[in-house]
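A short write-up of the structure that comes next.
In this chain, numbering begins with 1 at the start of the sequence shown. Given the structure is predicted, the values throughout are model-derived calculations rather than measurements.
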Amino acid sequence: MEEEKFHGLPSSKRSPRLLKVSASAAVFVLFLIIVLSGCIISGLDIFIFPGGSLREVFDVSKRPEDLSPSSQKIEYPLNCTNTTKPQTCPTDYPTMFRPTDLHATECPEYFRWIHEDLRAWKSTGITREMVERTKDFAHYRLVILKGRVYVEHFRKPFQTRDVGTIWGIVQLLRLYPGKIPDLELMFYCNDQPVIMKSDYQRKNASSPPPLFRFCGNQSAFDITFPDWSFWGWAEINIGPWENTVRAIRQNSKRIEWNNKVPYAYWKGNTGVAATRRDLMKCNASSGQDWKAHLYHQQWSDEIRRGFKQSKLEDQCTHRYKIYVEGEAWSVSEKYIMACNSMTLMVKPEFLDFFTRGMIPLEHYWPIRPDNKCRDIKFAVEWGNNHPLEAEVIGEGGSKFMEEGLKMKNVYDYMFHLLTGYGKLLTYKPEIPPGAIEYCTETMACPAKGLFRKNMLESMVKSPSDLPPCTLPPPYEAGELQAFLGRKESVSRQVERWEAEYWEKMNKNR
């Protein structure tokens, strides 16, 4: 047998002195392991059961290069008081943001619309007087000062749209502590636009006042902001976006494209808009098969049944899904497009922050509002005759929802929009009299039922490891019009295909 080697010496030739040194070294190494294990365990105790304040845990005296990623990844505790005293906000939240990974990716293309939404105030700035002019119809005023949120409520909106949006902003401040500038804004929670461009195009007209809202259109100056449902919509049993889109995607992939129902599908409340009632005329019937299965959603019945027939992840059984607006834009858009089916989008008048970056035949199939039935029938026939192409379009829209609209991007959009808006203010914001301070504790601790569940699921538990994505530059002169022209050109091509289809159908009759 070959002799065992030890530092190049046969075992028979090892000296007693060498063996003694080796044994001493082994004991010393074992001692070090025991000591270091105790330190690590003690350190873990500090992080799991922090006896100090959050400021001590987030040691601002140390530079990022002095800290390991594991020592920086610290979760925010949710400190709910168990007394009869009102819940208060902690005073020791970290005020500095130090990502462990300094590499910033470029933001998605649709972030460029932030520049367009703020363009009206680029040369004038935003004065206090401008902000105050929206008080008569805003639902609330929100102020951020030194990383803390204060809200002055004016009127109650529909359901809890205000609560969901405020919660989202509070979570943004936890994700990027100390990064959002001091600012003051007014928020309008209803659907229809308010600050119309036509009112400010007259000679000697004043500058438009800034107002935040969930959607915009070409006729208004309203600033588009992510809607409340990204953090859940408790009233109709919808959870936070991150979990919901994952469930939709998983369920949609269980059915192969060829096994999906070869019809278009839509389900919603027809009572909110004439365009939806018009859509119902396209339902497949014995008289005319427009290749559509359309259903009215009666929410009062659904609430009574416990939402058993309205699970979003169970509505991905068809090859095609229809999106049509409600009173204005509809929250349903992102859930419909996440389904991996080809979205048939009835041309919208109102756009939310992300759909402005989507392109027909890449992310959806365009449908004309005044020609719904014939357009839907052609789209379905085209898709059934071109299954690979239709599946690619469906996957393109679904991937846009899953990746382009991941929560990191939602928060980054909010970050860049609020940062750009804050830089335009010409005055120093102050806490308004009677304002309420909002934080995770004051919102989540007293919440009950699905409201609390949604908050706990969507709660930002620690600062981001990554910095915000890099905001792309504004559109150059003519660039935006070229982009919009490209979208219009594709839609016109679809219309030509359809005209040829119906001409051929009429000849064969």
query: Okay, side chain of Arg112, backbone of Pro473: is any donor-acceptor separation there less than 3.5 Å?
result: yes
- prompt: For Lys399, does the NZ atom have more than 12 heavy-atom neighbours from other residues, nucleotides or ligands under 6.0 Å away?
  reply: no
- request: Please assess Ile180 against Leu172 for the test side-chain contact (heavy atoms from CB on, under 4.5 Å), listing each intermediate value before the final yes or no.
  value: CA-CA 9 Å; Ile180 307 298; Leu172 172 68; 3.9 Å; yes
- request: Find out whether the Lys NZ or Arg CZ of Arg374 is both under 6.0 angstrom from the six-membered ring centre of Trp290 and within 45° of the ring's axis.
  value: no
message: Taking atom NZ as the centre, does Lys487 end up with more than 12 heavy-atom neighbours from other residues, nucleotides or ligands that are less than 6.0 angstrom away?
response: yes
message: Under a 3.5 Å distance rule, please check whether Ser330 uses its side chain to pair with a backbone N or O of Ser332 as donor and acceptor.
response: yes
- prompt: Trp365 pairs by ring-ring contact (aromatic ring centres under 6.0 Å, His included) with which of Tyr320, Tyr323, Trp382?
  reply: Trp382
query: Would you say the side-chain atoms of Glu479 pair up with the backbone N or O of Glu476, donor to acceptor, closer than 3.5 Å?
result: yes
message: Between Tyr421 and Glu184 (side chain of the first, backbone of the second, donor and acceptor by atom type, cut-off under 3.5 Å), is there such a pair?
response: yes
- prompt: If you measure only the distance, is there a donor-acceptor pair under 3.5 Å linking the side chains of Glu106 and Thr470?
  reply: no
- prompt: Sub-3.5 Å donor-acceptor pair from the side chain of Arg276 to the main-chain atoms of Gly271, do we have one?
  reply: no
task: May I have the step-by-step check of side chain to side chain donor-acceptor pair (under 3.5 Å) for Thr160 and Glu235, ending in yes or no?
output: CA-CA 8 Å; Thr160 53; Glu235 286 90 347; 2.8 Å; yes
- prompt: Can Asn384 and Arg319 be counted as having a side-chain donor-acceptor contact under 3.5 angstrom?
  reply: yes
query: Where is the tightest heavy-atom contact between Asn217 and Pro193, given as atom of each residue plus distance?
result: ND2-CG, 4.1 Å
query: Phe214 pairs by ring-ring contact (aromatic ring centres under 6.0 Å, His included) with which of Phe350, Tyr188, Trp228?
result: Trp228
message: Does Lys406, at its NZ atom, have more than 12 non-hydrogen atoms belonging to other residues, nucleotides or ligands within less than 6.0 Å?
response: no
message: Salt bridge check, Glu402 against Arg249: does any charged N sit closer than 4.0 Å to a carboxylate O?
response: yes
- request: List in chain and number order the residues that pass disulfide (SG to SG under 2.5 Å) with Cys189, two or more places apart in sequence or in another chain; answer none if no residue qualifies.
  value: none
query: Any donor and acceptor pair, going by atom type alone, linking the side chain of Asn269 with main-chain N or O of His296 inside 3.5 Å?
result: no
Test item: side-chain donor near acceptor, Glu441 and Thr88, under 3.5 Å: no
- request: Dump the intermediate steps for side chain to side chain donor-acceptor pair (under 3.5 Å) on Thr275 and Lys372, then the final yes or no.
  value: CA-CA 10 Å; Thr275 187; Lys372 295 185 185 73; 3.2 Å; yes
message: Tell me whether Arg356 is salt-bridged to Asp117, with the criterion being a basic N under 4.0 Å from an acidic carboxylate O.
response: yes
query: Aromatic ring centroids of Phe187 and Tyr140 under 6.0 Å?
result: yes
message: Are Tyr265 and Tyr295, when compared by the centres of their aromatic rings, separated by less than 6.0 Å?
response: yes
task: Report the relative orientation of the aromatic rings in Phe230 and Trp241; use parallel for angles under 30°, tilted for 30 to 60°, perpendicular for over 60°.
output: perpendicular
- prompt: In this structure, are over 12 heavy atoms from other groups packed under 6.0 Å from Lys156 atom NZ?
  reply: yes
- prompt: Would you find a donor on one side and an acceptor on the other, under 3.5 Å apart, between the side chain of Lys321 and the backbone of Leu344?
  reply: no
Pair Tyr413 + Phe111: ring centers closer than 6.0 Å: yes
message: With a 3.5 Å distance limit and no angle check, can you tell me whether Arg368 reaches the backbone of Asp375 through a side-chain donor-acceptor pair?
response: no
query: Within the side chain of Thr244, is there an N or O that forms a donor-acceptor pair under 3.5 Å with the backbone of Pro240?
result: yes
Any donor-acceptor N or O pair under 3.5 Å, side chains Lys334, Ser229: yes
task: Decide yes or no for Phe354 and Phe400: does some side-chain heavy atom of the first lie under 4.5 Å from some side-chain heavy atom of the second?
output: yes
- prompt: Counting only heavy atoms not in Lys347, do more than 12 fall under 6.0 Å of its NZ?
  reply: no
task: Flag the pair Phe415 / Tyr176 as yes when their ring centroid distance falls below 6.0 Å, and as no otherwise.
output: yes
- request: Answer yes if the ring centres of His293 and Tyr263 are under 6.0 angstrom apart, and no otherwise.
  value: yes
